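Report on the structure given below.
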Protein chains: 2
Amino acid sequence: MCLPVGFTSDEIDRFDALVVHRIKVNKCKSLYRSGDSFNTLYAIRSGSLKTTVLTDAGHEQVTGYHILGELVGFDGIGNNRHGAGAIALEDTEVCALPFAKLEKLAQTMPALQHTMNRMMSMEIRRDQDAMAMLGSMRAEGRIAVFLLDLADRYRRRGYSSTEFVLRLTRKEIGSYLGLQLETVSRLFSRFQGEGLVQVEGRALKLLDPIGLKRIAGQLLSLPPAGLRPAT
Amino acid sequence: MCLPVGFTSDEIDRFDALVVHRIKVNKCKSLYRSGDSFNTLYAIRSGSLKTTVLTDAGHEQVTGYHILGELVGFDGIGNNRHGAGAIALEDTEVCALPFAKLEKLAQTMPALQHTMNRMMSMEIRRDQDAMAMLGSMRAEGRIAVFLLDLADRYRRRGYSSTEFVLRLTRKEIGSYLGLQLETVSRLFSRFQGEGLVQVEGRALKLLDPIGLKRIAGQLLSLPPAGLRPAT
DNA sequence: CGCGCCGTTGATATTATTCAAGACCAGTGG
DNA sequence: CCACTGGTCTTGAATAATATCAACGGCGCG
């Protein structure tokens, strides 16, 4: 099942009838490209995807990293054209959810409509948090946030939150975080030297999540403690 | 009217019935705060707002700048709590759109549901573009993109696209663009020196939009021309 | 007036990028 | 089997971009 809980079995049946396609996307292949006409959302059943946009200068910038259980494609609804492209980071399987049918079905299924609204809202929230992160943190903070975010997402999907394999190259991580690949590499090395993580290529162990949280909570310059709201 | 075109007059009437509140928000006052419970969206009728999130470190980061005709509050739907706060940059008037009623009304009005989906999708698109901008451009490019984006939005609302007044301070612009206020100030001065813009405090004239576009189209380092997709 | 906030500009420090070299690995073809 | 290639990753050194620190002028407002 591609949807969260809270539906009756009848509703689930009607929803399942809509999921006509299962699509396999091989590693490095595009599920869709920036500029493609939009008509379906995709739920990731296995594997992982990155989403990328083309900047004005024709440079590919990673804007998202999506794993099992997550939905991609919301950016296309606005003008029936995908703003970002989605590329498989490993052999990946997705469910295709035809959007027109989804909208129609949602009209007779308030819970589905609400779920769609919620999912888009959460995507907005995530993107805004990412913006705040890019705007306020230095390289080490960005890496720390990135690792903790991954850990949390893996945890929620039932995987280990302290030990996982990155599917992104250093270059892609850098693109995602607004850094050069060398900076990413250096910081992984430094974090390892400080005993925060253990890095072996793309295999990662978080040895000191508390320490990472401390780094993630630092800004360019810390305002006086008295002015900080108690969090 | 707070909505785009494409509705019958009957639909518009039903929609209007839902807009019970007109709210005035004085300059520097909050429309809602990060963490507030969510129940309504707001359409800006006059004035302007900034949206801000609190980072882990308790620092206020500007994530959006919204003018007349735009909607704010979508970030709250996901978990019934606002992720960002909205603060008036000048005396501002908004329509309150109770979200529960909006969702209910949308069930009998497919065009409304589609419009809501589109608006959220466009918000996602904007945020992703902003992320790409923060991740791939240097200070001068960010400023150029910021100015061109403003110009475009004012143009679409029927205002001059070459002459407008910023409602944000240098510090807020810096926060929005991931820069320090001094950097913003310096770049405004430099752009003025290069004849790109005319700056007088917050009053701006774009003298050379083409030149700004050229700057906005530059990256940290340009990839070899042969590898760039033709745009 | 005096105060706080805003904006500008200069000097300096810090950070991250850029350039460069080399190691490692997987795939490919002789 | 082995050399060759292209991609990835690491590390060092030099450089450029931006932040930080500091001083000052202007403006609005109580």
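None of the values given here were measured: they were computed from a predicted structure. By convention in this document, chain letters (A, B, ...) are assigned in the order of the sequence lines, proteins followed by strands, and residues within each chain are numbered from 1.
Residue A/L177 contributes atom CG, which lies 18 Å from atom P of C/dT15 at whole-angstrom precision. The distance from atom CG of B/L187 to atom P of C/dT8 is 11 Å, rounded to the nearest whole Å. The distance from atom CD of A/Q180 to atom P of C/dA16 is 12 Å, rounded to the nearest whole Å. For A/I143 and C/dT15, the CD1 to P distance is 16 Å, given to the nearest whole Å. One can place CD1 of B/I173 at 8 Å from P of C/dG7, the figure rounded to the nearest angstrom. For the pair A/E172 CD and D/dC9 C1', the computed distance is 13 Å after rounding to whole Å. Residue A/L134 contributes atom CG, which lies 13 Å from atom P of C/dA16 at whole-angstrom precision. Between the CD1 atom of B/I215 and the C1' atom of D/dA17 there is a distance of 16 Å, rounded to whole Å.
By the 4.5 Å heavy-atom criterion applied to side chains, B/V165 and B/L204 are not counted as neighbours. Within the 4.5 Å cutoff, side-chain heavy atoms of B/E172 are placed close to those of B/K50.
Judged by distance alone, with hydrogens and angles left aside, the side-chain atoms of A/S136 form a donor-acceptor pair with the main-chain N or O of A/A132 at under 3.5 Å. With hydrogens and angles disregarded, a donor-acceptor distance shorter than 3.5 Å links the side chain of B/S34 to the backbone of B/G83.
Relative orientation of the A/F38 and A/H82 rings is perpendicular, given thresholds of 30° and 60° on the angle between their planes.
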Output one line per pair: protein atom, nucleotide atom from nucleotides 4-6 of chain C, and distance, for all N/O pairs under 3.5 Å.
| residue | atom | partner | partner atom | Å |
| --- | --- | --- | --- | --- |
| C/dC6 | O3' | B/R202 | NH2 | 3.3 |

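The residues B/E200 and B/K205 are annotated as not salt-bridged, no charged nitrogen and carboxylate oxygen being separated by less than 4.0 angstrom.
Using modelled atom types and a 3.5 Å distance limit, the side chains of A/Y32 and A/S30 yield no donor-acceptor pair.
Distance check, rounded to the nearest 0.5 Å: OG1 of A/T51 to CD of A/Q61 gives 10.5 Å.
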inquiry  = Output one letter per nucleotide in nucleotides 11-16 of chain D: B when a protein non-hydrogen atom lies under 4.0 Å from the base, S when only the sugar-phosphate is that close, - when neither is.
reply    = BBB---
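A side chain to side chain donor-acceptor pair (under 3.5 Å) check over residues 148-167 of chain A, counting only residues at least two apart or in different chains, returns the pairs A/Y65-A/Y154, A/E70-A/R153, A/E90-A/R167, A/D149-A/R153, A/D152-A/R155, A/D152-A/R156, A/S160-A/T162.
Backbone-only engagement by A/G178 is indicated by non-hydrogen atom pairs under 4.0 Å involving sugar-phosphate atoms exclusively.
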